[in-house]
Asker: 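This is the structure I want to talk about, given as structure tokens.
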2 protein chains.
Amino acid sequence: MTENMNKNTRQTRQKRVILVELRKVTSHPTADEVYQMARKKIPNISLGTVYRNLEQLSEQGKIRKLELAGSQMRFDGRAYSHHHVSCVRCSRVDDVISVRGNPGSIDVEAGGYQVLGHRIEFYGVCPSCQKKESADERSPRMHL
Amino acid sequence: MTENMNKNTRQTRQKRVILVELRKVTSHPTADEVYQMARKKIPNISLGTVYRNLEQLSEQGKIRKLELAGSQMRFDGRAYSHHHVSCVRCSRVDDVISVRGNPGSIDVEAGGYQVLGHRIEFYGVCPSCQKKESADERSPRMHL
DNA sequence: CTGGATGCAAAGGTTTTGCACGCTA
DNA sequence: TAGCGTGCAAAACCTTTGCATCCAG
């Protein structure tokens with residue numbers, strides 16, 4: 001009925017390597033970074049293939065595609081749902097360890113919308129940028 | 001000290017029109033939509049100018065730049081902070097009327113990050129897409 | 001074998017930028 | 001008048017696609 005019959009599940013070296021490499025890291029690499037990682041194993045793999053496989057793997061729920069505000073796509077080898085923090089300086093993305101408060105209970109009134117859910121992103125300054133910062137004159141440039 | 005001396009505050013017809021037109025609408029237009037709106041007043045205004053001014057206005061806090069997950073930039077003529085809902089079908093963006101629960105109190109533990117804040121986006125199906133939907137076989141395709 | 005997957009390269013969509021000229025302050 | 005802002009066009013970026021070929025099942 002739905003278009004969920006997913007014929008595209010053929011196992012290839014490319015797909016395998018992409019998944020394995022992505023799961024090795026705890027960072028949340030961009031497609032291009034995944035491409036660089038995969039190239040170390042398959043030198044002539046193409047960027048297009050990386051995109052196609054990342055898309056497919058995320059459709060199958062094996063990885064997670066992160067579309068964070070104002071940045072390119074990033075991919076997460078851990079498929080379970082969790083929140084992320086991104087650094088406003090260097091854009092790196094990390095997992096949030098725990099959240100106090102109850103974001104799960106947020107309910108919303110939104111002019112006739114059938115609200116399906118929400119997405120929360122945290123932002124701040126990562127440890128390494130905090131260090132660099134003490135000694136220089138940079139200032140936040142966030143506009144929520 | 002900081003680079004916040006903002007010399008770029010010269011008043012021009014382009015900037016004025018962009019702000020006025022953006023404030024006229026309650027939608028959350030993309031840069032290109034703002035461009036189309038502005039062109040009705042200044043036929044030969046350029047897209048580049050629109051981008052530059054939108055950026056500037058948002059830096060000055062006169063408008064708000066929305067960088068929603070997985071979509072192009074949108075702009076909001078209302079500068080105060082409020083949440084948004086976007087339609088998973090047609091991508092339109094509306095204001096959230098009210099939020100129950102207490103997202104403001106969310107606190108987070110995030111490996112050494114200095115957490116500055118968070119961003120919440122709601123998503124769902126807008127009224128007009130709900131109508132279209134009753135009679136057809138489309139299904140959600142959200143991967144959070 | 002068959003048709004999904006690949007590599008390559010071109011195209012697409014969005015945003016930024018370089019440059020010479022124009023206009024605000 | 002000085003130099004920020006503009007229009008135009010090219011470039012930069014990121015992602016998707018067309019196509020001939022390859023290879024997993």
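Predicted model, so just to flag it, every value in this text is computed and none were measured. So that the names make sense, note that chain A is the first sequence line, chain B the second, and so on, each numbered from 1.
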Asker: Give every residue pair that meets the salt bridge (Lys or Arg N to Asp or Glu O under 4.0 Å) criterion with at least one member in residues 37-53 of chain B, sequence neighbours excluded.
Answerer: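 Listed once each, the pairs are B/Glu21-B/Lys41.
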Asker: Checking A/His28 now: which residues fulfil ring pair (Phe, Tyr, Trp, His ring centres under 6.0 Å) with it, not counting sequence neighbours?
Answerer: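 Once residues adjacent in sequence are excluded, the partners of A/His28 under the ring pair (Phe, Tyr, Trp, His ring centres under 6.0 Å) criterion are A/His84.
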Asker: Residues of residues 42-54 of chain A with any non-hydrogen atom less than 4.0 angstrom from an atom of DNA chain C: list those, numerically ordered, please.
Answerer: A/Asn44, A/Ile45, A/Ser46, A/Thr49, A/Arg52, A/Asn53
Asker: Which hydrophobic side chains are connected to A/Val93, either touching it within the sub-4.5 Å cutoff or through other members that do?
Answerer: A/Leu66, A/Leu68
Asker: Hey, does A/Phe75 have a side-chain heavy atom less than 4.5 Å from the side chain of A/Arg64?
Answerer: no
Asker: Taking ring-ring contact (aromatic ring centres under 6.0 Å, His included) as the cut-off, I'd like each qualifying pair that reaches into residues 47-66 of chain B, sequence neighbours left out, listed once.
Answerer: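 For residues 47-66 of chain B, and leaving out neighbouring residues, there are no ring-ring contact (aromatic ring centres under 6.0 Å, His included) pairs at all.
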Asker: Holding to side chain to side chain contact (heavy atoms under 4.5 Å, CB included), I want the full list of residues that pass it with B/Thr30, two or more places apart in sequence or in another chain.
Answerer: B/Asp32, B/Glu33, B/Gln72, B/Arg74
Asker: Specify the closest pair of heavy atoms between B/Ala31 and B/Leu47, including all atoms of both residues, with the distance to one decimal.
Answerer: O-CD2, 4.4 Å
Asker: Using whole Å, report how far CG of B/Leu57 lies from C1' of D/dG5.
Answerer: 13 Å
Asker: Tell me every residue that passes salt bridge (Lys or Arg N to Asp or Glu O under 4.0 Å) with B/Asp95, counting only those two or more places apart in sequence or in another chain.
Answerer: B/Arg78
Asker: If I take atom CD1 in residue A/Ile18 and atom C1' in nucleotide C/dG7, what distance separates them, rounded to the nearest angstrom?
Answerer: 13 Å
Asker: What N/O pairs connect the protein and nucleotides 22-25 of chain C at under 3.5 Å? Give each pair on its own line.
Answerer:
{"residue": "C/dT24", "atom": "O3'", "partner": "B/Gln11", "partner atom": "O", "Å": "3.1"}
{"residue": "C/dT24", "atom": "O2", "partner": "B/Arg10", "partner atom": "NH1", "Å": "3.1"}
{"residue": "C/dA25", "atom": "OP1", "partner": "B/Gln11", "partner atom": "N", "Å": "3.1"}

Asker: Figure out the CD/P separation between B/Glu67 and D/dC13, and round it to whole Å.
Answerer: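 Going from CD in B/Glu67 over to P in D/dC13 covers 17 Å.
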Asker: Roughly what angle, to 10°, lies between the helix axis at the start of the helix from C/dC1-D/dG25 to C/dA25-D/dT1 and the one at its end, five pairs per end?
Answerer: 40°
Asker: Suppose we screen for side-chain hydrogen bond (donor to acceptor under 3.5 Å, both in side chains). Which residues come up paired with B/Arg23, at least two apart in sequence or across chains?
Answerer: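 If we apply the side-chain hydrogen bond (donor to acceptor under 3.5 Å, both in side chains) test to B/Arg23, skipping adjacent residues, there are no hits.
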Asker: Could I get the full list of side chain to side chain contact (heavy atoms under 4.5 Å, CB included) partners for A/Thr12, not counting sequence neighbours?
Answerer: A/Gln14, A/Lys15
Asker: Got a sec, which residues hit side-chain hydrogen bond (donor to acceptor under 3.5 Å, both in side chains) with B/Arg92, two or more places apart in sequence or on another chain?
Answerer: B/Asp94
Asker: Please give, in whole Å, the distance from D/dC8 P to B/Gln14 CD?
Answerer: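 Interatomic distance, CD of B/Gln14 to P of D/dC8: 11 Å.
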Asker: Are A/Gln72 and D/dT15 close enough that a side-chain N or O sits under 4.0 Å from OP1 or OP2?
Answerer: yes
